[in-house]
Protein chains: 2
Amino acid sequence: MLSAGLPQGTVPKLERPGPLRERVYEALLELITTRALRPGQHLVESELAGHLGVSRQPVREALQRLNTEGWVDLRPAQGAFVHEPTEEEADQLLTVRTLLEAEAARLAAANAGSAGIAALEELCAKGEAAVADGDVDLVVATNAAFHAKVMELAGNVVLAELAAQVDRRVRWYYTPVARQRGKQSWIEHRALIAAIAARDEAGATEVMRAHTEHTRKTYHERETP
Amino acid sequence: MLSAGLPQGTVPKLERPGPLRERVYEALLELITTRALRPGQHLVESELAGHLGVSRQPVREALQRLNTEGWVDLRPAQGAFVHEPTEEEADQLLTVRTLLEAEAARLAAANAGSAGIAALEELCAKGEAAVADGDVDLVVATNAAFHAKVMELAGNVVLAELAAQVDRRVRWYYTPVARQRGKQSWIEHRALIAAIAARDEAGATEVMRAHTEHTRKTYHERETP
DNA sequence: AGATTGGCTTTTGTCTACAGTTTACCGAGC
DNA sequence: GCTCGGTAAACTGTAGACAAAAGCCAATCT
């Protein structure tokens, strides 16, 4: 009975610094997604290390991870280069995202309980409010949280991990476009919640597929002008 | 005119040692998939380093990569542990595999040319021969090559990368079961080729789905006795 | 004048060393 | 007999140093 008198929330995990490589990883990811590091740019380990105030080793480890996740290309004996996004690759990413998210929606419709549905509605309300305020960053963040919640309700950890990878990369391309699609997107989210609540697997799949395909189309329309 | 007098084949790429971390990575992956390193086992960096005749650093980098790909669990300040496969996780992996492979089959049906179909038939013949010979390892390898070829014909690089990750992990669980399913599996492959050659997207999707689902069922039947 | 070769600089790849943290063990006290 | 505290060992996390490979520029030879 160790946990007898311990109220759960009061011990806030004793905020540890955590491994340096993690923080370096997040810092670099931030720099890449915000375009502070431009695509194709050559990343010199010692520069990054000096700039972040750490040694080269954590930087190396962070770069390795970024490499496996597709953010940087690691050419042997030559170093790391920020990945250059292709139009073709963006389309493929969005296609795969559609596939994964649609399956997640189906599984969520099959498995979700009332608590999960309530959580989705809460996020949806938050997102709509953010749209009304014109807070683009919050809209994007809430959108990600919504999709992550659907993924959680699907209950497939492997699927969730893959989708998380894909989603982060998608968001890189997607963020500039978020503004255009704001309102319609959350209407579709409402439709998705309805399908999930009705335990309509086919319906949820189709709604999510249409939703993400819609996003993909929007992305392609944006670039021509 | 540098390459004037150099016959192409005679210079066999000058077998470069390649980055150490790569070789360490492959060595560890081999040790894990062959169960020389048992699930749940604690991997000590210095031990591995000494055993492989290298320093700790390449080992660390290899472990990081194995971590992101789900082969080992990397607990902070405690080290690396060989991932312990759960029944639930195996099922989830096979489910995701079904999803990815089915989509690949659809895209292959949409995009494949006659050359690609010929390559598939060739692999299929090779696989059937391997089954006849009872060469399990070759069966598994050829099966992987067949699915990889379908993935290649689909022409979606992102999808291929994800599927490659999933497939490698699936093969870990799957290899012991390969013997049971030998013959029937290649009959289904033939059906898949037919659907792709007919450019029947829906048909190819369904054949592949049935094929991989069949594999999943076989896996679950095996473990109860 | 062009191409090539040589050396020089930069950057990566690897190794060794040190500090911090966690875990396990062992003894003392209740 | 059980629990608590302290000590010690082992391992990870990080830093710094050294060697090797790749790219670049200039000088030289054809």
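Letters go in sequence order (proteins before strands), and every chain restarts at 1. The basis for the numbers below is simple: all heavy atoms, side chains too, and nothing from hydrogens, waters or symmetry mates.
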Practice prompt. Consider the side chain of R21(B), meaning its heavy atoms from C-beta on, and name the nucleotide among dG13(C), dG13(D), dT14(D) that approaches it most closely.
Written response: dG13(C)
Worksheet item: Could you give the CD-to-P distance, from E22(B) to dT14(C), as a whole number of Å?
Response: 10 Å
Discussion item. Side chain of V44(A), heavy atoms from C-beta onward: which of dT11(C), dG13(D), dT12(D) has the nearest atom to it?
Written reply: dT11(C)
Fill in: Integer-rounded Å distance: dT11(C) P and E47(A) CD
7 Å
Worksheet item: For R56(A) and dA15(D), is the shortest distance between a side-chain N/O and OP1 or OP2 below 4.0 Å?
Response: no
Worksheet item: Is the closest basic N to carboxylate O distance between R65(A) and E22(A) below 4.0 Å?
Response: yes
Worksheet item: Can you tell me if the side-chain N/O atoms of R60(A) get under 4.0 Å from OP1 or OP2 in dT12(C)?
Response: no
Worksheet, complete the sentence: Of dG13(D), dT14(D), dG23(D), the nucleotide closest to the side chain of Q78(A) is dG23(D)
Response to the item:
Separation of dT14(C) atom C1' from Y25(B) atom OH, nearest Å, is 21 Å
Worksheet item: In whole angstroms, how far is the C1' atom of dA15(D) from the CG atom of L52(A)?
Response: 15 Å
Worksheet, complete the sentence: Atom CZ of R23(A) and atom P of dG13(D) are separated, to the nearest Å, by 13 Å
Response to the item:
In whole angstroms, the gap separating C1' of dA17(D) from CD of E45(A) amounts to 15 Å
Worksheet item: What nucleic acid atoms does L63(A) come within less than 4.0 Å of, heavy atoms only: base, sugar-phosphate, or nothing?
Response: nothing
Discussion item. Once you apply a heavy-atom cut-off of 4.0 Å, does Q57(A) come out as touching a base, just sugar-phosphate, or nothing?
Written reply: base
Discussion item. Regarding E26(A) and R23(A), does a basic nitrogen lie under 4.0 Å from an acidic carboxylate oxygen?
Written reply: no
Worksheet item: When you measure from the side chain of S55(A), which nucleotide among dT12(D), dC15(C), dG16(D) comes out closest?
Response: dG16(D)
Worksheet item: Within this structure, what is the CG-to-C1' distance between L48(B) and dT12(D), rounded to whole angstrom?
Response: 13 Å
Worksheet item: What is the distance, rounded to the nearest whole Å, between atom NE2 of H42(A) and atom P of dG23(D)?
Response: 11 Å
Practice prompt. Using the closest heavy atom to pick a nucleotide of DNA chain D for each, name whichever of A77(A) or E61(A) lands nearer the 5' end.
Written response: E61(A)
Worksheet entry | Test: K126(A) and E122(A) ion pair at under 4.0 Å | no
Worksheet item: Do E213(A) and T98(A) meet the criterion of a side-chain donor-acceptor pair at a distance under 3.5 Å?
Response: yes
Practice prompt. I would like to know whether R169(A) and E69(A) meet salt bridge (charged side-chain N to carboxylate O under 4.0 Å, His left out); could you show each step before the answer?
Written response: CA-CA 9 Å; R169(A) 287 179 67 184; E69(A) 292 178 8; over 6 Å; no
